[in-house]
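Throughout, residue positions are numbered sequentially from 1 according to the sequence presented.
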Amino acid sequence: SPSRPIAATEFAFGDGSFNVVVSNSVIEHLPTPELQGRMAAEMRRVGRRLYVQTPNRYFPLEPHFLFPVFALLPLNVRAFLLQHLDLGWHLRQPNRAAALREVRSIRLMTGRELRRAFPGARIERERILVFTKSFIVLDGWDPQEG
């Protein structure tokens, strides 16, 4: 647990302050399910409607490290790879501790986790061929509005 507040989990706005809250590929940058849940709760608290997009943990190519099934590999394997290779947007790390910090900074979510974090919301799938690339969470929208 971080020693200082994380801005994505503690918004400085009152309940229902915004008609729409948009988050595009942010929630996966919180390292734990607890923090991701807190961000989801804060978005729901301050927004009447939500549009949240995030990559799918099970998509074959991880979008931050640009490595096949990277999110599904054990943490130690991911850290080892990042210690020895530049991966996607992340440069090779000089030691194991730095590599672990870096790989822990990204935690992709599953559809099931998103349903738990955003109960009652509609979850759309962005697909490439048969694979779900990412999810879009729509909450507070009248289904007749689209």
Side-chain angles (χ1 to χ4, degrees), residues 1-13 15 17-18 20-141 143 146:
S1 174
S3 59
R4 59 183 166 70
I6 294 176
T9 64
E10 297 180 21
F11 298 152
F13 302 104
D15 296 358
S17 292
F18 299 97
V20 179
V21 173
V22 175
S23 172
N24 187 19
S25 293
V26 175
I27 198 166
E28 75 273 10
H29 290 271
L30 294 173
T32 67
E34 177 198 14
L35 290 172
Q36 291 171 331
R38 286 175 43 195
M39 180 179 174
E42 278 295 274
M43 286 188 284
R44 295 182 85 179
R45 182 183 68 77
V46 302
R48 294 181 191 99
R49 295 177 178 165
L50 302 180
Y51 176 97
V52 179
Q53 188 276 354
T54 189
N56 176 16
R57 170 181 268 153
Y58 296 119
F59 187 68
L61 184 63
E62 202 285 346
H64 302 88
F65 295 94
L66 299 178
F67 192 90
V69 300
F70 191 77
L72 303 178
L73 296 173
L75 181 66
N76 288 330
V77 173
R78 288 182 280 157
F80 175 85
L81 289 169
L82 192 56
Q83 252 185 282
H84 295 89
L85 302 168
D86 291 340
L87 297 174
W89 311 109
H90 299 266
L91 297 177
R92 183 176 52 169
Q93 296 299 300
N95 57 56
R96 187 177 190 300
L100 281 168
R101 265 194 310 278
E102 194 76 12
V103 297
R104 283 183 175 135
S105 73
I106 304 288
R107 185 184 176 281
L108 300 184
M109 297 178 77
T110 66
R112 180 174 291 165
E113 289 173 323
L114 285 167
R115 282 190 289 282
R116 274 196 304 266
F118 298 95
R122 191 167 90 226
I123 309 232
E124 300 285 331
R125 296 172 178 270
E126 291 183 285
R127 296 182 189 270
I128 294 180
L129 301 173
V130 298
F131 301 103
T132 298
K133 178 185 94 47
S134 55
F135 299 104
I136 298 173
V137 178
L138 300 166
D139 198 5
W141 301 90

Verdict with supporting geometry, R115 and E113, salt bridge (Lys or Arg N to Asp or Glu O under 4.0 Å): CA-CA 5 Å; R115 282 190 289 282; E113 289 173 323; over 6 Å; no
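- Residues P63 and P55 have side chains in contact (heavy-atom distance under 4.5 Å, counting atoms from C-beta outward).
- Between the side chain of W141 and the backbone N or O of L50, at least one donor-acceptor pair lies under 3.5 Å.
- No salt bridge links R78 with E102; every basic N to acidic carboxylate O contact stays at or beyond 4.0 Å.
- Between the side chains of N56 and R125, no donor-acceptor pair of N or O atoms lies under 3.5 Å.
- By the 4.0 Å N-to-carboxylate-O rule, R44 lies close enough to D139 to be salt-bridged with it.
- For F131, the ring-ring contact (aromatic ring centres under 6.0 Å, His included) criterion is met by no residue, not counting sequence neighbours.
- Under the 30°/60° scheme for interplanar angles, the aromatic rings of F70 and F67 are found to stand perpendicular.
- Under the 4.5 Å side-chain criterion, counting only non-hydrogen atoms from C-beta, R107 is not in contact with L30.
- No hydrogens or angles considered: a donor-acceptor pair under 3.5 Å links the side chains of Q53 and S134.
- Partners of F118 according to the ring-ring contact (aromatic ring centres under 6.0 Å, His included) rule, which considers only residues two or more places apart in sequence or in another chain, do not exist here.
- Applying the side-chain hydrogen bond (donor to acceptor under 3.5 Å, both in side chains) rule to E28 yields the partners T54, H64; only residues at least two apart in sequence or on another chain are considered.
- No hydrogens or angles considered: nothing links the side chains of Q83 and R92 as a donor-acceptor pair under 3.5 Å.
- The structure places OH of Y51 at 9.5 Å from CD of E124, a figure rounded to the nearest 0.5 Å.
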